[in-house]
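In the text below, chain A, chain B and the rest are named by the order of the sequence lines, each starting its count at 1. Bear in mind the structure is a predicted one, so any value in this text is a computation, not a measurement.
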Amino acid sequence: MANILSKEFYESKDVVQIAKDLLGKKLVSHVNGKRTSGTITETEAYRAPEDLASHARGNKRTLRNEAMFSAAGHAYVYICYGIHNLFNVVTGPQNTPHAVLIRAIEPLEGLDTMMYRRKMSWPKHEMMNGPGKFTVAMGITIKFDRTLLYDKKSPVQIWDNEVEVKEIISGPRVGLSHHTKESGHWPWRFRIKGNKWTSKPDVVKYEW
DNA sequence: CACCGGATTGGCT
DNA sequence: GCCAATCCGGTGT
């Protein structure tokens, strides 16, 4: 019998460890009467204030990133490039802006709904392999910014999942090429080794 | 109030 | 590989 991840899951460890622990967990959404779910296959940790790649670098606090300063177990959803809704899990104590970006999932339930939302006729890799793609498939938008993830009444939840994660690959986070500072190269992107449902294939140069 | 730019994607060369 | 799409918060005048 699977359980919803508890408040303690999100607040009891460091964000980098939680980014690894989230691999293999089940992300569930209930949107417009449709249930969809998938196994989390790829994450990235963002650890402000010292992490210059985070929106909350230097503890910069704005309307957009307010959720990151809220208590652990909330969602931080923001719009990237005006088009894409990117979904994060807030961790750490209140006012400590740590978050995990979910970058990809492997579909489990609601395949028809996810294919419809992604305008696809059959399930394929491209349906889910990116942070702005699986959010479309699961109906996750900025509307769900600041929602609680460990409440069974929430539209977005994360659950235990009978998936054994054997090996994790880490590497540099994606899309931070403009960051020349050290934090831009921290190996805080994590993937389930061998899983095809990730945003990029396993490439040697990404090995840490 | 104008301008800038991004934790991306998909279509076209 | 290149690059436009498309929005809105952040910043400075």
K.L.:
Just by modelled atom types, is the A/Met127 backbone N or O under 3.5 Å from a matching donor or acceptor in the A/Arg118 side chain?
P.N.:
yes
K.L.:
Using whole Å, what does the distance between atom P of nucleotide B/dT9 and atom CG of A/Asn129 come to?
P.N.:
8 Å
K.L.:
Taking NZ, NE, NH1 and NH2 as the nitrogens, is one of them in A/Arg57 or A/Glu50 under 4.0 Å from a carboxylate oxygen of the other?
P.N.:
no
K.L.:
Applying salt bridge (charged side-chain N to carboxylate O under 4.0 Å, His left out), run through A/Arg146 and A/Glu66 and close with a yes or a no.
P.N.:
CA-CA 8 Å; A/Arg146 308 187 204 184; A/Glu66 182 62 27; 5.8 Å; no
K.L.:
Out of B/dA7, B/dG6, B/dT9, which has the shortest distance to the side chain of A/Met68?
P.N.:
B/dA7
K.L.:
Calculate the interatomic distance between A/Asp145 atom CG and C/dC8 atom C1'; express it in whole Å.
P.N.:
13 Å
K.L.:
Using whole Å, report how far OH of A/Tyr78 lies from P of C/dC8.
P.N.:
15 Å
K.L.:
Mind checking A/Lys60 for me? I need base, sugar-phosphate or nothing, with any heavy atom below 4.0 Å counting as a touch.
P.N.:
sugar-phosphate
K.L.:
Taking a pair as Watson-Crick or G-U wobble with both distances under 3.5 Å, which nucleotide is matched to B/dC12?
P.N.:
C/dG1
K.L.:
Can A/Tyr46 be said to stack with the base of B/dA7, given centres closer than 5.5 angstrom and planes under 30 degrees apart?
P.N.:
yes
K.L.:
Taking any strand in view, what nucleotide pairs with C/dT6 in a Watson-Crick or G-U wobble way, both distances under 3.5 Å?
P.N.:
none
K.L.:
Look up atom OG in A/Ser6 and atom CD1 in A/Ile158, then write down how far apart they are to the nearest 0.5 Å.
P.N.:
11.5 Å
K.L.:
Verify the contact: side-chain N or O of A/Arg57 to OP1 or OP2 of B/dA7, cut-off strictly under 4.0 Å; return yes or no.
P.N.:
no
K.L.:
Across the strands shown, which category fits A/Ile83 at heavy-atom distances under 4.0 angstrom: base, sugar-phosphate, nothing?
P.N.:
base
K.L.:
Per the atom types in the model, does the base of B/dA7 pair as donor or acceptor with the side chain of A/His84 at under 3.5 Å?
P.N.:
no
K.L.:
Measure CG/A/Leu52 against C1'/B/dA7 and give the value in whole Å, please.
P.N.:
14 Å
K.L.:
B/dT9 P sits how many Å from A/Leu86 CG, rounded?
P.N.:
7 Å
K.L.:
So what does A/Arg61 touch, heavy atoms closer than 4.0 Å: a base, only the sugar-phosphate, or nothing?
P.N.:
nothing
K.L.:
Is NZ or CZ of A/Lys13 both nearer than 6.0 Å to the six-membered ring centre of A/Phe9 and within 45° of the ring axis?
P.N.:
yes
K.L.:
B/dG5 P sits how many Å from A/Asn65 CG, rounded?
P.N.:
19 Å
K.L.:
Contact class for A/Leu63 vs. all strands (heavy atom < 4.0 Å): base, sugar-phosphate, or nothing?
P.N.:
sugar-phosphate
K.L.:
Nearest-Å distance, CG (A/Asn88) to C1' (B/dA7)?
P.N.:
8 Å
K.L.:
From C-beta outward on A/Pro131, which listed nucleotide comes closest to its side chain: B/dG6, B/dA7, B/dT9?
P.N.:
B/dT9
K.L.:
Separation of A/Ile142 atom CD1 from B/dA7 atom C1', in whole Å?
P.N.:
14 Å
K.L.:
Determine the interatomic distance between P on C/dG1 and the same-named atom on B/dA7; round to the nearest Å.
P.N.:
23 Å
